[in-house]
Structure formats: C-alpha cells, structure tokens
Amino acid sequence: TIASVADVLAGKYSVGTAVKVQGWVRTKRDSKAGLSFVALHDGSCFDPVQVIALSNLANYEDITRLTTGCSVIATGTIKQSEGKGQSLEIEGSAIDVIGWVENPDTYPMSAKRHSIEYLREHAHLRPRTNIIGAVTRVRNCLSQAIHRFFHENGYMWISTPILTASDTEGAGEMFRVSTLDMMNVPKTENGDVDYTQDFFGKETYLTVSGQLNVETYCTAMSKVYTFGPTFRAENSNTSRHLAEFWMVEPEVAFADLSTIAQLAEDMLKYVFKAVLEERADDLNFFEQRVNKDVVKRMKSVVDSDFVRMDYSEAIEILQNCGKTFEFPVEWGVDLSSEHERYIAEEHVGAPVIMQNYPKDIKAFYMRINDDGKTVAAMDVLAPGIGEIIGGSQREERLEVFDSRLAEMDLSPEDYAWYRDLRRYGSVPHAGFGLGFERLVAYVTGIANVRDVIPFPRTPGNANY
Ligand code: 4AD
Ligand code: MG
C-alpha cells in the first residue's frame, strides 16, 4: 500500500502492516549502532515520519549520504516507536533514492531556520519548509471549510468572470488587459486610444471584485457566493495588500445589513472551528514559533459575540480616547488601520462589526440610510489585523441609485445591466467580501499576506 505520512502517523494502518511512503528527506541522522533515521515528509501533515534504515540494506551506503531535500520511496513495516517524539515509525526494508540534491552545501532550503523574507525570495522551494507547508495546509483547510459552510447553508457557488469591463469598487485601481500593440496603438480621430480595435472592442480589465456579477445571480438564485482571484493595481506596499488576492463574496436576496453581519460572524466562527479541529498540528507550530496568541484568539472569537458599532460612535471613541494618531480623526474620514486596530484591540478586545459609514467614502452601490448621509455598509475588524471583511446592503431603489450615479458623475449607460436588476423585480439584498489572505494571516499569525499565498504579486514583483 502506498500510504501518506499523515495516515501512517494517525494510526490508519496497524502495527506490522507493510507500507510504502513517498516523500522528501527533512533530516537524516546516523547512529553509532549502524543504523540511520530518515525523517520523511510528503506534505500531508506537519510531522515527518521516521524511517529506520538498518546497515544490512543493500544500498545502505547511499542512505548514509542522504541530505535534506532528497526524494525517496521507502518501503517497510509500521512499528511502535521506541524513541521519544513519535509513536509510530517505519522499519525500512528498502529506501530507494529517486532524486539527489546536487550540492547539499548550496541547497537553498537546508534544514536550518531561514528568515521569512529569505523564503519569499525562493518562492519555488519554500513549500518544502515546515512553515510554508503548515500555511499551505491551513489555507487549504480554510478554503474547504468556506465551501462547506456555504454549501451546508444553501448557498450556490457562482463562477464570476476575471475579465471585465466594470470597475466594481469605482476606485480606478484596475489592471488593463489589452491585445493592442503598445508600440503602435490605434488612435481615434481625437487622439484617444481606439479600444474598438482591441480584442473585446472596448477597454477591459482584471476584476477587482465579483460582486456586481454575483448580484445578478443573487437576484435569481437567492443565496449565492463567489470565491476567486481578484486584482488591484493599488500601489500599497503594506503587509495587508496584494495586487492579486482571493476573495469570498456571498450575496443574499431579501436581506439587509444585519443579515450579512450575522452571516459574517457565523462564517468566521465556522471556519475557525474547522481549522482548530482539523489542523491542530500546524496551529501548534504557529503558536510556538510565530505568534503565541493564534489559538487563543481564534477560540475567543468562536466564543464571543461580535460587537456591532456605528461608525459615528467609533469616531467619538477615537476622538476621546486621549491617543494621538498619525491620521487625525473627524467625522467623514476613512478609518485607517491604526484606528481600526485601536477599536478592535484596545477598546473592545473582540471582533467588531463597524456599520453605517459616511456615504462619501464608500462605493456607489451601497444603500443610502434614512439620514441621507450614511450608507448601510459594514466592515469586520479583527484584533491583530484590522479589516478582514467589507460589505454592504445594496441600493435596490432605482431612483435613489440613479441619483447616486449622477452625484458621483457616473453614467447610467455604463451600468445598464446593473440597473436592470433594479427595474425588474428588484429586491433588498446584501453581501460582503472576505479577503482570503487576511483570513489566513489571522489564523496562522503570519504578519505579512505575502507569506500566506503561494506566489505573491506586489508592486514590482510578479516573479515565478
Ligand atoms: O472592502 P473591499 O474593497 O470590498 C469589495 O471589494 C466588495 N465588492 C465586497 C463585497 O461587498 N462583495 O474588499 C473586501 C475585502 C477587504 O475587507 C480585505 O479583506 C480584502 O478584501 N482586500 C484585500 N486583501 C489583500 N490585498 C488587497 N489589496 C485587498 N483589498 C481588499
Ligand atoms: Mg473595504
């Protein structure tokens, strides 16, 4: 039987079973008693399995030359371990070396501890390390849990397009996609670029959010979500921003802001529980080596009621807290991450659902509140990271929507299909977007979102 390391260590096979394990050498040590201990990992769990090679194996000489990173296929029987640190191990009857490491002294992923910045510069080899292996399993566990949560709650997963002509967030931070010859761009009579000659016949971009598209399916299928890559050409070199990141965007019909505030709370609790149950091995590592609070704070999120707070109340708290912030606070400003973290970490000490922001700092599609100056928007602010979710109730009233477009100098023709949703059987609806990398960063305690996505895209970096 070909067995995964995870299955062997979890006791899926009884002692005495013959198994074959395929993987890479994490470490190898030789004992004076004429045997070698090879720690093999295959990505399936945090711990490697120990394979014992006795000196009577035909290729024992080769086995003693194994170094970190070599690939091998080990055959043997499962036995109770006598050593400390593991309960089951494999007594090897054959260890075939599949791939050597050509020069162990210059192997970039040698067994010593490397800085996270160093690993980032070797993104093609870093999945072999403990830390990135653990991140990868946690990331996978979280995506599966997200799909399971929505599936169990009657949501349909909608594939929304990557290529689009609409700027959902209206922030002008889009990557243009074009087949035009940059050296010889066709021009119109008045000197503009003639996009009618481009592949799609008009200016096209990578999507910043699947929201507008998923709204169309929401107004037919009732409960939907999209989960895919999104792109932002914002030039922010921070530990929370990527040019390409994954977003989870549910959208609910016949719903208001409180529906999706509750949905956000339920979803986060569900996925935290899943990762606490399924990835205890990896979380234990993050707790010891990255941030001692990761498990504690997730458990406290699972057990706490999220606090709902109005933006206006937050402004008062920030103004009266006696702290000086880099960015001064007054009603109408967008909250910066220092403000968000003060509220979530120091004032409340639990996740906060901040609601009802000034309309002037929010997107065109958000529903205007009765006060005429705020919109039914919400952000979920997590202690330790700040905003991880942003959402809103959408403006479903055609006349209000049209006057908002006019106020923002946007043309109704550009939003023709979106307006149709308001013309035919319009319905109150609401949704949010969860930044998936911010979630993974929160769960692992890893400080920079560049280290929780396999190949980070940031200003000046699209390597690999
Ligand atoms: O707040 P945002 O911009 O909201 C939207 O895009 C809405 N259309 C979502 C919706 O209502 N369906 O982005 C949502 C979340 C943020 O809270 C943040 O977690 C994450 O996406 N995010 C980023 N994550 C990494 N890098 C970036 N550059 C991000 N920009 C936003
Ligand atoms: Mg936002």
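Remember, it's 1-based here, ligands and their atoms both numbered in the order they're listed.
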- Query: Among protein heavy atoms, which lies nearest atom 25 (C) of ligand 1, and at what distance?
  - Reply: Arg240 O, 3.4 Å
- Query: Is the closest N or O pair between Ile388 and ligand 1 shorter than 3.5 Å?
  - Reply: yes
- Task: Determine the interplanar angle of the Tyr118 and His114 rings, folded into 0 to 90°, and report it as parallel if under 30°, tilted if 30 to 60°, perpendicular if over 60°.
- Result: parallel
- Task: State the atoms of ligand 1, each with its element, that fall below the 4.0 Å cut-off from a heavy-atom position in Ser209.
- Result: 6 (O), 8 (N)
- Message: To check your reading of the model: name the closest protein heavy atom to atom 26 (N) of ligand 1, its residue, and the distance in Å.
- Response: Leu242 N, 2.9 Å
- Message: Below the 3.5 angstrom mark, is there an N/O of Thr168, backbone or side chain, next to an N/O of ligand 1?
- Response: no
- Query: Side chain, backbone, both or neither: which part of Glu249 has a heavy atom under 4.0 Å from ligand 1?
  - Reply: side chain
- Query: Considering only protein heavy atoms, which is closest to atom 24 (N) of ligand 1, and at what distance to one decimal place?
  - Reply: Phe245 CD1, 3.4 Å
- Numbered atoms of ligand 1 (with element) below 4.0 Å of Gly435, judged on heavy atoms: 15 (C), 19 (O), 20 (C), 21 (O)
- From atom 5 (C) of ligand 1, work out which of Glu251, Met366, Glu169, Glu234 has a heavy atom at the shortest distance. Glu169
- Select one of side chain, backbone, both or neither to describe which atoms of Tyr365 lie under 4.0 Å from any atom of ligand 1, heavy atoms only. side chain
- Below 4.0 angstrom, N of the basic side chain to O of the carboxylate: do Arg422 and Glu399 qualify? no
- Task: Assign the ring pair Tyr342 / His347 to parallel, tilted or perpendicular, where the plane angle (0 to 90°) is split at 30° and 60°.
- Result: tilted
- Query: Is Glu395 salt-bridged to Arg397, cutoff N-O under 4.0 Å?
  - Reply: yes
- Message: Would Met247 count as being in polar contact with ligand 1, using the rule that some N or O on each side must be under 3.5 angstrom apart?
- Response: no
- Query: Does the separation of the ring centres of Tyr418 and Phe401 fall below 6.0 angstrom?
  - Reply: yes
- Which bit of Phe432 gets closer than 4.0 Å to ligand 1, counting heavy atoms only: side chain, backbone, both or neither? backbone
- Heavy-atom nearest neighbour in the protein, as seen from atom 15 (C) of ligand 1, with distance rounded to 0.1 Å: Gly433 O, 3.6 Å
- Provide, to 0.1 Å, the distance between atom 6 (O) of ligand 1 and the closest protein heavy atom, together with that atom's residue and name. Arg232 NH2, 2.8 Å
- Check ligand 1 against Gly390 and write out every atom of the ligand that is under 4.0 Å from a heavy-atom position of the residue. 9 (C), 10 (C), 11 (O), 17 (O)
- Residues Arg126 and Glu121 bridged, charged N to O under 4.0 Å: no
- Is the shortest side-chain N to carboxylate O distance from Arg419 to Glu413 below 4.0 Å? no
- So, are Arg308 and Glu265 salt-bridged, with charged N and O less than 4.0 Å apart? yes
- Query: Who's the nearest protein heavy-atom neighbour of atom 17 (O) of ligand 1, and how far?
  - Reply: Glu387 OE2, 2.6 Å
- Note on the structure: When distances are taken from atom 18 (C) of ligand 1, the protein heavy atom at minimum range is Arg438 NH1, 3.5 Å
- Take Glu387 and Arg240, measure what salt bridge (Lys or Arg N to Asp or Glu O under 4.0 Å) needs, and give me the verdict at the end. CA-CA 9 Å; Glu387 176 190 341; Arg240 320 190 303 155; 5.4 Å; no
- Task: Assign the ring pair Tyr225 / His147 to parallel, tilted or perpendicular, where the plane angle (0 to 90°) is split at 30° and 60°.
- Result: tilted
- At under 4.0 Å between heavy atoms, which part of Ile389 makes contact with ligand 1: side chain, backbone, both or neither? backbone
- Query: Can a salt bridge be assigned to the pair Glu244 and Arg450 using a cut-off of 4.0 Å between side-chain N and carboxylate O?
  - Reply: no
- Message: Parallel, tilted or perpendicular, judged at 30° and 60°: which one describes the rings of Phe272 and Tyr442?
- Response: parallel
- Counting backbone and side chain alike, does Glu387 bring an N/O/S atom below 2.8 Å of the Mg ion (ligand 2)? yes
- With backbone taken as N, CA, C and O and side chain as the heavy atoms from C-beta onward, which portion of Arg394 lies under 4.0 Å from ligand 1: side chain, backbone, both, or neither? side chain
